Structure formats: structure tokens, C-alpha cells
Amino acid sequence: MRYILLGFLLLHLGYGQTLPLQVITRLPAFLNETSGAVCPEEGKIWLHNDSGDNPFLYLLNQQGVVTRQLTLDSAQHVDWEDMTKDDQGNLYLADAGNNNNDRQDLVIYRIPNPDSLASDTLIPERIFFSYPEQDSFPPADEDRNYDLEAVVWLKDSLHLFTKNRTDPYTGFTRHYRLSDQPGTYQAALVDSFYTGPAPRETSWVTGAAVSPGKNHLVLLGHNKLWVFSCFDGSDFFSGFHQEISLETFSQKEAICFATSNKLYITDEQLIILPPQWYEVDLFPAFDPTSLDLGADTSVADSIILDIGLVPADQILWSTGDTTKTLRVISSGTYSVEVTRGNCVARDTISIMVSPLSIPSELPQQQEFGISSTPSGYQLVLAPHLQFEAFDITIFTTDGKLVKSFSSELAPGEQAITLPDDLPTGTYLVRIQGGNPPTWIKWGKQF
């Protein structure tokens, strides 16, 4: 049910990464208490009010126009608090808001896929449930964790996340599992997760959504998201989680995935603020399937392997390198392991490197020279050269690439240190800092 948050009006709190909210449209005035959402496709959203309305579901387009209205005949509208859908498009609407933790009539309405309905009026099926841990209605203040505003469907079950109303506030949401079939059940407690300290309005859970690929769970708060990835089955809290701040505080209670990384969020009218429909790009969220080094390939010189935009706490290549990119100069099979929290992504690629065709005679030039110093060899630039960045590649005389690196010179610097880990011998050095590249022979004696 609706409440007013005068003390938190327009509060902007930071929690590390902050995502901007892009307004899609203002909601119609009669949708001033939206508390559940389902996205049938990008650009459309099913919404409902939480209380004080008739038992209606509304389908809106991006202009905020209601294009369809469903009536749930014989359904009560006590405190509708969230909505989700299964893989067949069936909807599940939770009449389970429980501010005082005293309700004994908790129900989830099961609605056939709206696309399959010829009529806009239907009698929904019912899933009645209770919490086995609750034996008092209401319980003591310190036990009031039976309000429900967040529901998702996954793997033939409904997953419920409580809105913590304990006093003193404990900061935990509970995860319950429930059958998605009509009947009467006791919800099974799975786990709990600490969302944060008091004040509770900044850390309680008001909505939930699962990504289309079933690899991300997002819990919604008034000014933040909790994003869970790489979980085991439906044990969401076993995975890696990120807490992400939203740029403004408002009474956000409805959320759904429009695409794999785009969220739709709506909020309720708050004092002078109108209810609005927002778009949020959830990126980067850790997705192991997004790590792709590409197809096996053949190259004539070298190739740079890159993990791309995959967020990482730790990177480990099969070569022992820990950098985001890896320059490959020899034929072989290469792999990388990217870790984020307790999530791990891996990929492998085979590279065939062909010997380079070396010029039979190197042209004489006076722009570069190689000098030896007590500490090693240096590639010395002529004073008139203005290049600041160089790509240096070292080959054997038969064209096999043995070393490649980049070097940046500060203003006034004229020498680049050459690697000292090569065996003695004769090498060909290619310098790319302009066009065309320059070659020079290097006789390494120590």
C-alpha cells in the first residue's frame, strides 16, 4: 500500500556505480501506485496499481497510452505488489502486500498468456500460500519480515523476496520458493540476503525481475538495484552480486527486463512528483557467455586477443599474463579465465602464425640507430623525429616473430629500451610510428 516519504524526497545517495534513469513517459494519472510490471516485449509494459483500484491489468505503449485492459473477474484487490511471467507467457500477480504482517489470505493469481485470450475478462487461477515460520498475526515487531513486494518465476517455481519491516531493522530479505501450480501451499524458506542497514527505506526490497537468459536476478529498491549473477540453479544468493545506485530516490516498486540488459522501472506518485516509466541500461553485468575470443584463425604477423567489455576482478591467460589484451606472436592454443566475484568465464582460441616475408635488403636510413649501454640496448631516434608512440616488433632473420611491444616517449625523450631477455644473435627490428614502417638490423651480443 502507498506511503509517503517526506524525509527522502529527491534524496540522492551514492553506492559506487550509479546508473542514470532515462524517462520514457509519464504514466497516466490513474496509474499513480504501480507496484508490479511485466515486459511482453521492448516498448510495451503490463502494469497494475497496488490498492484502491479495480482488479485491472493495463498494457501500455511507450507513449503512455493504455492499449489493452484485462479484468480479473472475482479477484480481490487487497494489496497487489508484484507481477512476473513464465516461459509460456503466463502471468503471476501477487496479492501479498502485508504492511502489518497480519494477513492470512495471501494469494498469487495465475493468468494465462494474454496473447492467448480472446476476451479481456477472465477468472484467474489461485495459488494460496503461507509462511511456515509465522505463527502470530501480527508477529512481534522484531519478527516482521512477511511483507511481500517482489516475485519472479524460474524453473517451474515462484520465488518470493520479502520486504523487511522489522523493528529494530535487521536489513535481511528472505527468499522463499513456491509452486507455480494452483493450490494451497506453505512457502519454503531458501535463504536470506543482507541488503543494508537502517533507514529501511534505503535498503528494503520493492520489486524483482529475472533476465530473459535466466542468468541475472535484479532486486529493486527505491534508490538502488541488487544484481545477482552466476548463481547455482535458483539459489540466487550463492552467486556474485553487485549493488548499484540509481541516480534519484523515488518510490520505485515495479521492474522488468525489456531486453537482456535493459530494464523498465516505474515509480509511484510522490507528493508533487508524477509517476513515471523509466529505462535503465544494466551494463556491465557479468555474463560468462559474453566472453568470446573469436574463431580460430591464421595470421601473417601477430594478433591481439581481447576479453572485450567483460567486467573482471582478475584475468589469467594461459601464458601467465594478467592483462586485458594479449599479443600473440607464435602458433598455438591460447585460453583465458576471467573472474568476477565467484563467477568464472573461460574461452579458448587456436592461432596459426605464418612467418613474415622479410625484405631481402633493408634500405639505409638515418632515422634510427641501436646503441649498447652498460644496462642493455637502446633504439635511438634521430632528433628531428616527432613521433611519440611506437610499435616495436622483433623478428629472427628468417621472419619468425619473437617479441612485440608498444612504447610511448615523453617530450624530449629519444631512446627506447630494447628487451634484454632475448638470446644473443641477429634480429630484424620493425618500427611503426609513421608510414611506412622502418626496418633496422640488430646484432645482439650480450
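All residue numbers in this chain count up from 1 along the given sequence. Treat the numbers as computed from the prediction; the structure is a model and nothing was measured.
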Subject >> Main-chain N/O of Trp277 paired with Thr266 side-chain donor or acceptor, under 3.5 Å >> reply: no

**OP:** Go through the side-chain N and O atoms of Thr438 and Arg430 and say whether any donor and acceptor fall under 3.5 Å apart.
**Re:** no

**OP:** Step through it carefully: locate the ring centre of Phe129, locate the ring centre of Tyr185, and say whether they are under 6.0 Å apart.
**Re:** no

**OP:** Return each pair, listed once, that meets salt bridge (Lys or Arg N to Asp or Glu O under 4.0 Å) where at least one residue sits in residues 206-221; pairs must be two or more places apart or across chains.
**Re:** Asp87-Lys214

Original post:
Charged N to carboxylate O under 4.0 angstrom, Arg68 versus Asp120?
Top reply: yes

Subject >> Sidechain-backbone polar pair: Tyr264 side chain, Ala37 backbone, donor-acceptor under 3.5 Å >> reply: no

**OP:** Name all pairs fulfilling the ring pair (Phe, Tyr, Trp, His ring centres under 6.0 Å) condition that reach into residues 52-74, sequence neighbours left out, sorted by first residue then second.
**Re:** Phe30-Tyr58

Original post:
Does Val429 reach the side chain of Trp439, with side-chain heavy atoms less than 4.5 Å apart?
Top reply: no

**OP:** Give, for atom OG of Ser119 and atom CG of Leu70, the distance between the pair rounded to the nearest 0.5 Å.
**Re:** 8.5 Å

**OP:** Taking all non-hydrogen atoms of both residues into account, name the closest pair between Phe405 and Ile416 and its distance.
**Re:** CE1-CG2, 4.2 Å

Subject >> Criterion side-chain contact (heavy atoms from CB on, under 4.5 Å) on Val218 and Trp226, from CA distance to verdict >> reply: CA-CA 6 Å; Val218 177; Trp226 297 268; over 6 Å; no

**OP:** Examine the side chains of Ser157 and Asp180 and answer whether a donor and an acceptor come within less than 3.5 Å of each other.
**Re:** no

**OP:** Check whether the side chains of Glu201 and Tyr169 place a donor and an acceptor atom closer than 3.5 Å, and report yes or no.
**Re:** no

Subject >> Residues which pass ring-ring contact (aromatic ring centres under 6.0 Å, His included) with Phe228, listed by chain and number, not counting sequence neighbours >> reply: Phe193, Phe237, His241

Subject >> Distance-only side-chain donor-acceptor flag, Tyr278 / Asp267, under 3.5 Å >> reply: yes

Original post:
Do Arg174 and Ser192 meet the criterion of a side-chain donor-acceptor pair at a distance under 3.5 Å?
Top reply: no

Original post:
Can you name the one residue among Asp147, Thr173, Thr170, Thr195 that meets side-chain hydrogen bond (donor to acceptor under 3.5 Å, both in side chains) with Asn164?
Top reply: Thr170

**OP:** Answer yes if the side chains of Ser74 and Arg126 hold a donor-acceptor pair under 3.5 Å, and no otherwise.
**Re:** yes

Subject >> Leu154 side, atom CG; Ser211 side, atom OG - distance, nearest 0.5 Å >> reply: 9.0 Å

Original post:
What do the steps show when you test Leu91 against Leu57 for side-chain contact (heavy atoms from CB on, under 4.5 Å), and what is the final call?
Top reply: CA-CA 11 Å; Leu91 306 184; Leu57 298 181; 4.1 Å; yes

**OP:** Examine distances only and state if a side-chain atom of Asn113 and a backbone atom of Gln88 form a donor-acceptor pair shorter than 3.5 Å.
**Re:** yes

**OP:** Return the orientation label for the His175 and His159 ring planes: parallel under 30°, perpendicular over 60°, tilted otherwise.
**Re:** tilted

**OP:** Please determine if Arg103 and Asp95 form a salt bridge, counting it only when a charged side-chain N lies under 4.0 Å from a carboxylate O.
**Re:** yes

Original post:
Between Ile111 and Pro124, what is the shortest heavy-atom contact and its length?
Top reply: CG1-CB, 4.2 Å

Original post:
Between the side chains of Asp391 and Ser406, does any donor sit under 3.5 Å from an acceptor?
Top reply: yes

Original post:
Measuring from Gln134:CD to Asn98:CG, what's the distance to the nearest 0.5 Å?
Top reply: 6.5 Å

Subject >> Residues Asp421, Lys403: salt bridge by 4.0 Å N-O rule >> reply: yes

Subject >> Heavy-atom pair with the smallest gap, counting every atom of Glu247 and Leu21 >> reply: OE2-N, 2.9 Å

Original post:
Sub-3.5 Å donor-acceptor pair from the side chain of Tyr334 to the main-chain atoms of Leu293, do we have one?
Top reply: no

Original post:
For atom CG of Asn54, is the number of surrounding heavy atoms from other residues, nucleotides or ligands below 6.0 Å larger than 12?
Top reply: yes

Original post:
Can any side-chain N or O of Ser136 pair as donor or acceptor with the backbone N or O of Pro138 at less than 3.5 Å?
Top reply: no

Original post:
Roughly how far, to the nearest 0.5 Å, is OG1 of Thr393 from CD1 of Ile329?
Top reply: 9.0 Å

Subject >> Lys262 bridged to Asp281 by N-O distance under 4.0 Å >> reply: no

